[in-house]
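All of these numbers come straight from a predicted model, not from anything done at the bench.
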Amino acid sequence: MDSSQLTFNDHTQQIPYGCQSIDNHDIAEVYSVLQSNWLTTGPKILEFENAIAEFVDTKYAIAVSSGTAALHCAIYAANIGFNDEVIIPSMTFAATANCVLFQGGKPVFVDVSPETLLINPQKLEENITDRTKAIIAVDYAGHPCDYDRLRKITDIYGLVLISDACHALGAKYKGENVGSIADMTVFSFHPVKHITTGEGGMITTTNIEYAERMRRFRNHGIDVSFRERSKNATWVYDITDLGYNYRITEIQCALGLSQLKKLPDFLNQRRKIAKMYDNAFLEFEHLEPLSVHDDIYHAYHLYVVKLDKKINRHSLFVKLNKRGIGVNVHYIPLHLHSYYKKKFKLHKGLCPIAEQSYEQILSLPIFPKMNEFHVQRIIDDVHDCLLDSNQD
Ligand SMILES: *Cc1c(COP(=O)(O)O)cnc(C)c1O
């Protein structure tokens with residue numbers, strides 16, 4: 001069976017908030033790598049890297065084992081070390097902060113703008129100190145940050161601009177591709193993201209020094225890869241840095257290459273679903289989608305709505321789940337999690353917009369395999385449950 005034909009038509013079947021699309025071509029490509037001589041450190045990795053670099057229109061792309069590993073590589077390449085500060089939005093996934101901590105740095109959590117949940121440039125600037133070395137902008141939900149504004153700030157203070165674009169493969173800011181704007185841009189190929197390799201990640205950059213540092217970092221800090229050594233018939237290599245095994249496999253890259261061919265279709269499908277939601281919700285009370293700036297091309301990793309304060313989010317969440325709608329919440333602001341709270345003595349009130357928004361947001365299912373019947377079913381269920389939850 002072609003697994004792309006899997007449907008969620010049956011009302012007993014849960015529609016998740018995100019899901020991969022795998023077809024027979026993907027499977028054939030993976031199958032053929034399994035029959036080849038290279039399962040890792042082979043030709044597919046470079047092929048996948050070149051294809052992503054070409055897609056986002058940049059010079060270098062470095063493939064690694066996850067988006068988290070990609071963030072760690074970027075922090076390492078930017079030379080973030082002990083007590084260096086890196087500014088990040090609080091409304092993000094744990095990995096955005098953790099990659100800084102892995103290198104002994106300190107993530108500084110700042111608030112977001114209420115209408116997009118993107119990092120608030122003014123709050124960012126207020127939090128810059130002598131120890132600030134970089135910022136990680138998160139293209140939340142697939143909406144690119146205001147990169148002109150961010151670049152102005154990083155230029156003034158001499159900071160490295162890293163983009164966590166794990167939500168934003170295929171997005172554009174003022175006509176430019178996400179992946180070609182920041183000093184380094186990070187993507188994830190987790191199954192809920194735009195294309196998948198099972199687990200996987202990529203960093204794109206135009207800076208050759210960053211690229212070389214990251215290539216060593218993903219391979220134990222070794223200066224010449226095994227593939228190059230076998231090509232040149234030598235065993236000699238040097239360990240120049242402390243690195244990790246963050247390599248991605250040939251199997252994953254074959255899948256990634258096959259998935260990338262379908263990315264334009266996947267993006268169209270995501271945008272079609274978002275449009276259906278947008279149109280339907282114009283008529284709804286108590287619920288509003290996040291804002292979209294008109295100079296961007298949204299990649300819609302997530303479709304996030306904000307509920308008004310009359311609606312009990314918890315009860316709406318439970319009701320929709322009971323009807324098989326796998327709604328989710330992205331994210332609990334990072335500064336409210338015990339680990340960061342304890343470590344940095346943080347408390348509620350640090351990022352009031354993120355905290356308030358967190359109480360009101362809901363992510364609705366959006367992924368390319370959904371058809372218009374699924375979307376309509378979700379719209380109808382949200383409509384019914386909203387009426388219900390208004391009385392709770
Ligand atoms: C998915 C994601 C990551 C991490 O990616 P993995 O591939 O799961 O390690 C990092 N940041 C954001 C914002 C993400 O959504």
Using the test salt bridge (Lys or Arg N to Asp or Glu O under 4.0 Å), find all partners of R131 that sit at least two apart in sequence or belong to another chain. E85

Salt bridge (Lys or Arg N to Asp or Glu O under 4.0 Å) partners of R216, counting only residues at least two apart: D241

Could you tell me how the ring of [X] sits relative to the ring of [Y]: parallel (under 30°), tilted (30 to 60°) or perpendicular (over 60°)?
X: Y173; Y: Y147; value: perpendicular
X: F284; Y: F281; value: perpendicular
X: Y140; Y: H167; value: tilted

Do the charged groups of [X] and [Y] touch, with an N to O distance under 4.0 Å?
X: D23; Y: K369; result: no
X: D384; Y: K319; result: no
X: D381; Y: R323; result: yes

Are L334 and I119 connected, step by step, through hydrophobic side chains (Ile, Leu, Val, Met, Phe, Trp, Tyr) whose heavy atoms are closer than 4.5 Å? no

Can you get from L255 to Y246 by hopping between Ile, Leu, Val, Met, Phe, Trp and Tyr side chains that sit under 4.5 Å apart? no

State which residue, out of N79, D84, N83, fulfils the side-chain hydrogen bond (donor to acceptor under 3.5 Å, both in side chains) condition with K133. D84

Might you point out which heavy atoms bring [X] and [Y] nearest each other, and give the distance in Å?
X: I181; Y: R151; result: O-NH2, 3.2 Å
X: P365; Y: I15; result: CB-CG2, 3.8 Å
X: R313; Y: I361; result: NH1-O, 3.0 Å
X: E29; Y: A254; result: O-CB, 3.8 Å

Any chance the side chains of H374 and N371 put a donor and an acceptor closer than 3.5 Å? yes

Please identify which of these residues, Y17, Y358, F93, meets the ring pair (Phe, Tyr, Trp, His ring centres under 6.0 Å) condition with H330. Y17

Looking at F367, is R270 sitting on its ring face, NZ or CZ under 6.0 Å from the six-membered ring centre and within 45 degrees of the normal? no

Examine R215 relative to Y60 and say whether NZ or CZ is less than 6.0 Å from the centre of the six-membered ring and inside a 45° cone about the ring axis. no

Got a donor-acceptor contact below 3.5 angstrom from the E355 side chain to the G349 backbone? yes

Using links of under 4.5 Å between side-chain heavy atoms of ILVMFWY residues, direct or through other members, which residues join I195 in one cluster? F48, I52, F55, V56, L169, V178, F187, F189, M202, L257, L260, L263, F266, L267

